[in-house]
Each structure stands twice: as C-alpha cells, then as structure tokens.
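Scroll down for the structure; my scribbles are underneath it.
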Amino acid sequence: MFTGGPDSRRGEIVLPVRLPQGAGRWEWLCHFLNRPELWHKIDLVRRSHPSMPGGWVYEAHLMVLDGGYTSPDTRERRRQAAALERAGRVDVNVGNLSIVSLPVTLQPADGPVLAEQIVLTDLEHAAAERQWHTIRRRARALERSRRAANKARYELSRRQRRRQQRRQAAGLPERHVDLPKGPRLANAAGRPLVSYRRDRLTGAYRAHPHPR
C-alpha cells in the first residue's frame with residue numbers, strides 16, 4: 001500500500017502481491033509479514049533479466065527490521081550442535097561441500113579433528129538436470145511465442161535467408177516464414193528499433209511463469 005508520503009493528499013494505492021507457495025512457507029511468511037510494526041520501507045529495485053522486455057525486471061523489496069527466520073527443527077539442531085563444544089569450518093567447492101570440525105579448545109586431547117565431504121547423489125544430480133532442462137525449454141517456448149507474435153521486428157536467420165535465396169534462384173514462390181530466427185532489428189549501436197515493451201504478447205505468454 002502506497003500513501004504518497006505524510007504530506008501527500010493523494011489516495012492510497014493498494015497493489016496485489018503474490019506470496020511464495022509451497023510446504024513450510026507459511027511459518028516463514030508469518031515471521032516477516034505478520035507484524036506490520038516491524039515493516040520499515042519499500043525499495044524499488046531493478047535487476048538484469050534477459051527473458052523480460054528490455055532485459056530488465058523491476059521488483060519492490062520490503063525491508064523488515066527483524067532477524068531471519070529459523071524453523072523449530074533448525075533451532076533444535078543448532079542447540080544440539082552447540083552442546084558438542086566443537087568449532088567447524090566449511091569449504092564450498094563447485095561439486096561438493098567440505099566440513100571440518102575440531103574442539104573449541106584447540107587441544108588434541110579434547111577430541112579428534114573430524115572431516116566430512118557432502119556431495120550430491122545421483123538422484124539429486126538427475127533432479128537438478130531435469131529442472132535445468134525444464135527452465136531452458138520454458139525460456140525457449142516464451143521466446144518463440146514473442147517472435148511469432150512480432151515477426152516484423154526480427155530478422156531471418158542465415159539458414160532462412162539462404163533457403164529463400166535458393167527458392168528465388170530456382171524460380172519458386174517465396175515461402176512465408178512464421179517464426180523468424182534471426183536477431184532483433186536494431187540500429188548501428190545495437191539498440192532495438194522497437195522497444196520490447198511495445199511488443200504484442202499473447203495471454204498465455206503473460207500468464208506463463210517466466211524462468212529465473
């Protein structure tokens with residue numbers, strides 16, 4: 001809700017917000033949003049997003065003056081870990097996570113040095129790969145939808161141009177291209193001649209969740 005400031009006479013603007021869904025998210029949302037007295041301010045943030053019109057996406061970030069949320073299970077695990085009286089270090093690598101712990105006294109007589117390496121299982125690797133392929137297919141489908149709805153704003157690819165030249169040389173009629181696969185029409189500086197925000201988008205494109 002935006003009120004325009006303490007001295008503004010404008011009416012309030014209420015915007016709908018889509019909250020994160022999924023198991024275990026309700027407690028997380030209640031921790032941050034259930035106490036409006038802790039809400040501080042809203043910042044408008046712009047970040048790069050190649051799948052969005054213009055290559056940017058704008059987000060409103062709500063700042064809450066409170067500590068982070070931890071689930072009851074996490075708090076219990078931390079309590080048990082603190083009772084062990086050991087210090088730990090973590091080394092994050094590309095494909096694994098290395099953990100080393102030793103007594104807080106740093107004395108060998110108080111306990112051994114323990115090391116462990118955590119790696120993804122084959123099932124986790126397969127799940128991550130499926131998720132990546134799903135995101136990639138979704139992004140390609142959205143790009144095809146945008147190109148099909150705005151054919152005049154894209155060039156033909158090299159392969160499509162060569163095919164047209166062969167048909168023209170053979171005296172065949174020009175074939176209509178439903179999906180141009182070349183780059184977007186741009187000026188000498190590489191700036192699109194028509195802004196992405198002026199593209200015609202289908203209802204399915206707007207309703208489809210964009211990959212991140």
Side-chain angles (χ1 to χ4, degrees), residues 1-2 15-144 190 196 207-212:
M1 179 181 296
F2 297 89
L15 300 178
V17 177
R18 179 179 295 178
L19 299 177
Q21 304 293 318
R25 304 295 291 179
W26 180 249
E27 293 79 5
W28 184 87
L29 291 171
C30 290
H31 175 81
F32 289 105
L33 302 180
N34 203 31
R35 292 171 293 172
E37 66 274 9
L38 298 180
W39 300 356
H40 181 51
K41 65 175 181 177
I42 295 178
D43 292 330
L44 184 63
V45 179
R46 186 183 75 162
R47 63 180 178 86
S48 176
H49 197 303
S51 298
M52 297 299 290
W56 297 94
V57 63
Y58 294 86
E59 299 175 344
H61 289 188
L62 171 64
M63 181 180 293
V64 179
L65 300 180
D66 194 12
Y69 169 76
T70 54
S71 65
D73 293 340
T74 301
R75 292 196 294 268
E76 177 61 23
R77 286 196 300 269
R78 291 178 179 177
R79 186 192 65 79
Q80 295 176 2
L84 299 176
E85 297 184 352
R86 296 182 64 86
R89 296 294 183 268
V90 178
D91 182 19
V92 181
N93 301 307
V94 176
N96 58 68
L97 186 68
S98 301
I99 304 174
V100 178
S101 67
L102 65 162
V104 293
T105 59
L106 304 181
Q107 298 297 326
D110 295 333
V113 176
L114 301 177
E116 186 175 358
Q117 192 176 66
I118 300 177
V119 297
L120 293 177
T121 64
D122 294 339
L123 292 177
E124 291 171 335
H125 271 294
E129 187 174 359
R130 287 196 302 270
Q131 184 180 13
W132 182 84
H133 283 297
T134 299
I135 294 175
R136 182 67 181 269
R137 287 195 300 268
R138 183 183 303 166
R140 295 178 66 179
L142 292 174
E143 179 65 15
R144 288 194 300 268
Y196 282 90
H208 202 288
H210 286 69
R212 294 177 175 263

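Other residues, nucleotides and ligands contribute more than 12 heavy atoms inside 6.0 Å of the CD atom of Gln80. Within 6.0 Å of atom CD in Glu129, 12 or fewer heavy atoms from other residues, nucleotides or ligands are found, so the atom counts as exposed in its surroundings. Taking a 6.0 Å sphere around CZ of Arg75, one finds it holds more than 12 heavy atoms contributed by other residues, nucleotides or ligands. Counting heavy atoms of neighbouring residues, nucleotides and ligands inside a 6.0 Å radius, atom CZ of Arg140 does not exceed 12 of them.
Here the straight-line distance linking atom CD1 of Ile42 with atom NE2 of His61 works out to 11.0 Å at 0.5 Å rounding. Separating the CD atom in Gln21 from the CH2 atom in Trp26 is a distance of 9.5 Å, to the nearest 0.5 Å. Atom CD of Glu116 is separated from atom CD1 of Ile99 by 6.0 Å, given to the nearest 0.5 angstrom. In this structure, the separation between CZ on Arg35 and CG on Asp66 is 4.5 Å, given to the nearest 0.5 Å. Here the straight-line distance linking atom CG of Asp110 with atom CG of Leu102 works out to 10.5 Å at 0.5 Å rounding. Atoms CG and CD, on Leu65 and Glu37 in that order, are 11.0 Å from each other to the nearest 0.5 Å.
When each of Asn93, Val119, Ile118, Val90 is tested with Ser98 by the rule side chain to side chain contact (heavy atoms under 4.5 Å, CB included), just one qualifies, namely Asn93.
Taking all atoms of both residues into account, the shortest heavy-atom contact from Pro112 to Pro103 is O-CD, 4.0 Å. The two residues Tyr69 and Trp28 make their nearest non-hydrogen contact at CD2-CD1, 3.6 Å. Taking both residues in full, the closest heavy atoms of Trp39 and Leu33 are given as CZ2-O, 3.2 Å, listed atom of the first, atom of the second, then distance.
Without hydrogens or angle criteria, Arg86 side chain to Ser101 main chain gives a donor-acceptor distance under 3.5 Å. Side-chain N or O atoms of His31 include one that pairs as donor or acceptor with a backbone N or O of Gly67 at under 3.5 Å.
A salt bridge links Arg79 to Glu76: at least one charged side-chain nitrogen sits closer than 4.0 Å to a carboxylate oxygen.
A heavy-atom distance below 4.5 Å is not found between the side chains of Leu62 and Val17.
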